[in-house]
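Okay, so here's the structure we're looking at.
We count ligands from 1, going down the list as the structure has it; atoms in each ligand are counted the same way. FYI, the numbering just counts along the sequence from 1.
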Amino acid sequence: MAGSTRYIRYILLAFVTLVVIFFISSSSSTVDDRVKSATDLLKKQGSLFKGHSPSSDSTSPSPPKPPPRFHSDEEHDTSGQVLGNPPSLSEESPPEPMPSGHSNATSPNPSSQKLGTNKQPFTHNPVAPGERMNATFVTLARNSDVWEISRSIRQVEDRFNRNYGYDWVFLNDDEFDDTFKKVTTTLTSGRARYGKIGEDHWGFPSWIDQEKAATVREEMREKKIIYGDSISYRHMCRYESGFFFRHPLMMEYEYYWRVEPSIELFCDVSYDPFKYMAENNKKYSFVLSLYEYRETIPTLWDSVKNFTQSFPQHIAKDNALWWISEDEGKNYNNCHFWSNFEIGSLEWLRSDAYIDYFTHLDKDGGFFYERWGDAPVHSIAAALMLPKDEIHFFNDIAYYHVPFTHCPTGEQTRLDLKCHCDPSHNFDWNGYSCLARWYDMNDWEKPEGWQDEQ
Ligand SMILES: Nc1nc2c(ncn2[C@@H]2O[C@H](COP(=O)(O)OP(=O)(O)O)[C@@H](O)[C@H]2O)c(=O)[nH]1
Ligand SMILES: [Mg+2]
């Protein structure tokens, strides 16, 4: 009995195993069949492999094509002639026509036919009409700034210069390396030019007492004054105050636009600011203004007052003294234009008035015995030696340099210029900004909504 039960158990086990094997093999082929038929269905509807040849039954995507390459003679074009000549694609065959009955690989966006009159079709680098000024962008930078300045260049090019192709001069107290040159040449639409600063323009002048300067740096380090112990920062401030506009490369131009690493431009610049400066007889301009850190310039105003006594002929008649002094010139109120953004006249900076001013300040040694910044140095010069209407506030150039933002007040301006700045970050009407004082000096009405941004 026990033996026959064992046989029955064996037979049952074998039967169950067969059933399981049959079930597994039949169910997998069903799934496969279903996938195949769904694929066929979609293929027939033309919605899964749009653009693929109907004979292709491979489900694996074809390998991506290499990106189009630019002709090498335009890769590092420095002639400034790139605009208007879109780089041609090398040896790239035109797209093959689709077999009749099949749509293109991408279908046109139906709403593109319905764009309103305020929309322009996108074209790459359309050349802005009109003449160009004799002007350049200028950047002082170290090789290590390459990626941060690249971000700035990209913004300036996207928002303005790709349509204008102005030159870009890069200056450095060291040789620019290949990476810096390669990357920045590629990003700029106009000529990119590289200049090394001579030792006579970057370094301690002979009359500076090195020990005294070192003691000051140590004291400022202890007081935790920003850049207080830095030698290179002082050379930089002195260079920007008195020399960049005299570099041999810069001598070729009349106007400059200073660009620093890591800035942002938030709105389209829809006209040529250089041309605006030239046509409206503007010599200096700003987007942000604020109060200087007093401890970096304790004796700057004394030096300025001595200068005005020695050179009264350089003081302009309708100047902006009111903006920088609340007691008719006895004291400086520390208001200054933030000079990491500047569009200005190089010829003004090279004028006798400015050179006399800088030379006077430089002799007093405050670039090294204190930590005079190029912002108050430029600003005081502009406020005293230019009629105030030769200084321009570019409200429509929206700008950021850590930590401040200029975002134009007024929603319509921001929409018209396709701005992407957050108006709540606008520094203009903040208590530490000197813009309201600039408006008051000029008797200008403040823009609608300014109180909400205080
Ligand atoms: N070549 C060179 N450029 C410098 C040096 N120090 C600062 N710069 C440049 O001078 C400008 C101002 O310096 P930055 O560090 O931005 O100063 P901040 O904006 O006052 O914090 C920037 O364009 C820097 O790239 C330096 O030692 N050598
Ligand atoms: Mg900076």
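With ring centers used as reference points, F244 lies under 6.0 Å from Y256.
For ligand 1, the protein residues within 4.0 angstrom (heavy atoms only) are L140, A141, R142, D145, N172, D173, W202, Y227, S232, Y233, M236, E260, P261, H401.
Protein atoms of type N/O/S that fall under 2.8 Å from the Mg ion (ligand 2) number 2 in this view.
Between C407 and C419, the sulfur-to-sulfur (SG-SG) separation does not fall under 2.5 Å.
Among residues at least two apart or in separate chains, there is no salt bridge (charged side-chain N to carboxylate O under 4.0 Å, His left out) pair with a member in residues 200-216. Screening residues 139-246 for disulfide (SG to SG under 2.5 Å), with sequence neighbours left out, gives no hits.
A distance of 7.5 Å separates CZ in R238 from CZ in F367, rounded to the nearest 0.5 Å.
The closest donor-acceptor contact from the side chain of S433 to the backbone of L290 lies at 3.5 Å or more, if one exists at all.
Applying the 6.0 Å contact sphere to CD of E218 captures more than 12 heavy atoms from other residues, nucleotides or ligands.
In this structure, E453 does not pair ionically with K446, as no charged nitrogen and carboxylate oxygen lie closer than 4.0 Å.
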Chi angles and distances behind the side chain to side chain donor-acceptor pair (under 3.5 Å) call for W429, T409: CA-CA 9 Å; W429 313 112; T409 309; 2.9 Å; yes
